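Quick caveat, the model's predicted, so the values are computed rather than measured.
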Amino acid sequence: MAVCPKCGRKLKLTDIKPTCPGCGVNLLYYKIEERLEVDAINAELEHAKTQKRVDRAKDAIFGTPLAIVRMVLLVLVVGMFFVPLATFHAVGPYFDNTSTLNALEIYNAVSSIDFDGMMVLAGSPVLKSSMMFLAISGVTIIVSVFCALLELIFSFLSSSPHGFSRNIILASLGIVTAVASLITYNKFLVSIQEALGGLVTGSVKVGVYLVIAAFVLCIVINIIIKVKKSPVKYTQSYVDSVPYEEFVEHFGDKKYDMASLEAIKEEMDKYKVTEN
C-alpha cells in the first residue's frame with residue numbers, strides 16, 4: 001500500500017486525487033527534484049556496473065591477440081565433434097551396415113533409440129557388458145560435447161573473477177569424458193566381438209583424438225593468457241561526478257532513496273571531479 005511521502009498517511013485505492021487527503025500535498029510534484037536526483041544516481045550506478053561487465057566481455061573476446069586465438073580454438077573444439085569419432089560395422093544374413101559416428105550421428109541415434117529393445121539387450125547375459133560399455137561411451141561423449149558448448153557460450157566471461165577456473169574445469173572435464181568415451185568404446189568393441197565373433201566390428205577414429213588435443217590446447221592457451229594477461233581496461237564511469245570506484249569504496253553500490261542519498265550528499269562533494 002502506498003503512503004504519502006510527506007505525512008506518511010496510508011493511501012487507499014479510493015484515494016484517486018493527486019493530493020494527499022491528510023496533508024493536501026501534491027503527490028506527483030512533492031520533492032520531484034530530489035526524487036529525480038535519486039533516480040539519476042541509481043541509474044548511473046547501474047550503468048557503471050553494466051559497463052564493467054561489457055568491458056570484461058570485450059576483453060575476453062578480442063582484448064588481446066591471444067584472446068582472439070582462444071575464441072577460434074573454442075569454435076574448433078566444437079567443430080572437432082563433427083569429425084568422424086568412431087565407426088561401427090554390423091553384418092548379418094540380411095544386412096551389412098557401416099556407420100560413421102560423430103556428434104550429429106550420435107544425437108540422431110540417441111533420439112531414435114528403441115529403449116525397450118536396449119533394455120532387453122542389456123538384460124542378456126551375453127551382451128550385458130557390451131551394452132554397459134556402449135551406454136557409458138555414449139553418455140561420456142555427450143557430456144564432452146556439452147563441456148565444449150558451455151566453454152564456448154561462457155567464453156565472454158573469461159575475464160571475470162572466476163573465468164579462468166571455469167574455463168580450466170570445463171576443458172578438463174571435456175578431456176576426462178572424451179578419454180572415458182574412447183576407452184569404453186574400445187571395451188565395447190572387444191566385448192561384443194567376443195560375444196558375437198566377427199558379426200560386429202569397429203574402430204575409434206581420429207576425431208576423438210583431435211577433440212582431446214583441442215581441449216588440451218584450450219587449457220594451455222588459458223594458462224598462457226592468465227600468466228601474460230594485463231589488467232582489464234575499464235571505461236571510466238561516474239556517479240554524480242564521483243568516479244565509480246571511489247563511490248563504491250566510500251558509499252557502496254546499494255539502491256538509494258531520498259533519505260539515504262541526503263545522508264551522503266555532503267560527503268560526496270569531497271570526491272567529485274570534472275569529467276573529461
Side-chain angles (χ1 to χ4, degrees), residues 42-85 102-104 106-107 140-181 206-239 242-249 252-255 273 275-276:
N42 288 327
E44 288 178 337
L45 276 170
E46 190 60 36
H47 171 266
K49 287 187 282 187
T50 302
Q51 185 63 53
K52 298 292 183 188
R53 299 188 190 104
V54 171
D55 290 339
R56 285 195 292 267
K58 290 166 62 177
D59 181 81
I61 296 172
F62 43 77
T64 64
L66 283 175
I68 297 173
V69 171
R70 176 174 57 194
M71 283 299 303
V72 174
L73 186 57
L74 291 175
V75 174
L76 287 177
V77 173
V78 177
M80 291 300 101
F81 284 97
F82 294 91
V83 175
L85 303 174
N102 57 28
L104 185 59
I106 292 171
Y107 170 79
T140 50
I141 199 65
I142 290 172
V143 172
S144 191
V145 171
F146 275 112
C147 288
L149 289 172
L150 287 174
E151 192 164 19
L152 178 60
I153 291 169
F154 289 113
S155 59
F156 71 97
L157 297 176
S158 295
S159 295
S160 64
H162 302 292
F164 174 75
S165 58
R166 183 190 301 110
N167 290 344
I168 296 298
I169 290 171
L170 287 173
S172 299
L173 183 58
I175 292 172
V176 170
T177 50
V179 170
S181 182
V206 67
V208 70
Y209 298 104
L210 292 176
V211 166
I212 295 169
F215 273 126
V216 171
L217 287 175
C218 282
I219 292 177
V220 171
I221 195 71
N222 275 291
I223 292 174
I224 293 173
I225 290 174
K226 178 71 173 179
V227 172
K228 293 187 174 184
K229 192 73 173 65
S230 56
V232 178
K233 295 179 180 179
Y234 288 110
T235 302
Q236 182 62 67
S237 300
Y238 296 88
V239 180
V242 179
Y244 174 72
E245 292 77 10
E246 288 192 39
F247 189 96
V248 172
E249 179 183 352
D253 60 352
K254 65 180 181 180
K255 187 173 182 178
V273 297
E275 301 179 30
N276 294 326

- Query: From D253 CG over to E245 CD, what is the distance, rounded to the nearest 0.5 angstrom?
  - Reply: 12.0 Å
- Item | salt bridge (charged side-chain N to carboxylate O under 4.0 Å, His left out) involving K58 - partner list, sequence neighbours excluded | none
- Here the gap from I212 atom CD1 to S181 atom OG, rounded to the nearest 0.5 Å, amounts to 9.0 Å
- Partners meeting side chain to side chain contact (heavy atoms under 4.5 Å, CB included) with V176 (sequence neighbours left out): none
- Query: Are Y234 and R56 close enough that some pair of their side-chain heavy atoms sits under 4.5 Å apart?
  - Reply: yes
- d(I223 CD1, C218 SG) to nearest 0.5 Å is 11.5 Å
- Task: State, with a plain yes or no, whether a side-chain heavy atom of F247 is found less than 4.5 Å away from one of E44.
- Result: no
- Message: So L170 and F215, do their side chains get closer than 4.5 Å, heavy atoms only?
- Response: no
- Task: First locate atom CD1 of I219, then atom CD1 of I169, and finally report the distance between them rounded to the nearest 0.5 Å.
- Result: 11.0 Å
- Query: For residues D55 and Q51, is any side-chain donor paired with an opposing acceptor at under 3.5 Å?
  - Reply: yes
- Who passes side chain to side chain contact (heavy atoms under 4.5 Å, CB included) against I153, sequence neighbours left out? none
- Query: In chain order, what residues pass the side chain to side chain contact (heavy atoms under 4.5 Å, CB included) check against E246, with sequence neighbours excluded?
  - Reply: V242, P243, H250, Y271
- Query: Any side-chain heavy-atom pair from F154 and N167 closer than 4.5 angstrom?
  - Reply: no
- Note on the structure: In terms of heavy-atom contacts, G207 and L85 come closest through C-CD2, 3.5 Å
- Message: More than 12 heavy atoms of other residues, nucleotides or ligands under 6.0 Å from NZ of K226: yes or no?
- Response: no
- Item | Qualifying residues under side chain to side chain contact (heavy atoms under 4.5 Å, CB included), relative to A180, sequence neighbours excluded | T140
- For L157 and S160 the tightest heavy-atom approach is O-OG, 2.5 Å
- Message: For a quick test of reading the model, state the closest non-hydrogen atom pair linking T177 to L173 and the distance between them.
- Response: OG1-O, 2.8 Å
- Please answer whether the main-chain N or O of S155 pairs with a side-chain N or O of S158 as donor and acceptor at a distance below 3.5 Å. yes
- I168 CD1 to S165 OG distance, which is reported to the nearest 0.5 Å: 8.5 Å
Could you pull out all donor-acceptor pairs under 3.5 Å where a side-chain atom in residues 61-84 meets a protein atom, sequence neighbours excluded?
unit_1: T64; atom_1: OG1; unit_2: A67; atom_2: N; d: 3.1
unit_1: R70; atom_1: NH1; unit_2: N222; atom_2: OD1; d: 3.1
unit_1: R70; atom_1: NH2; unit_2: A60; atom_2: O; d: 3.1

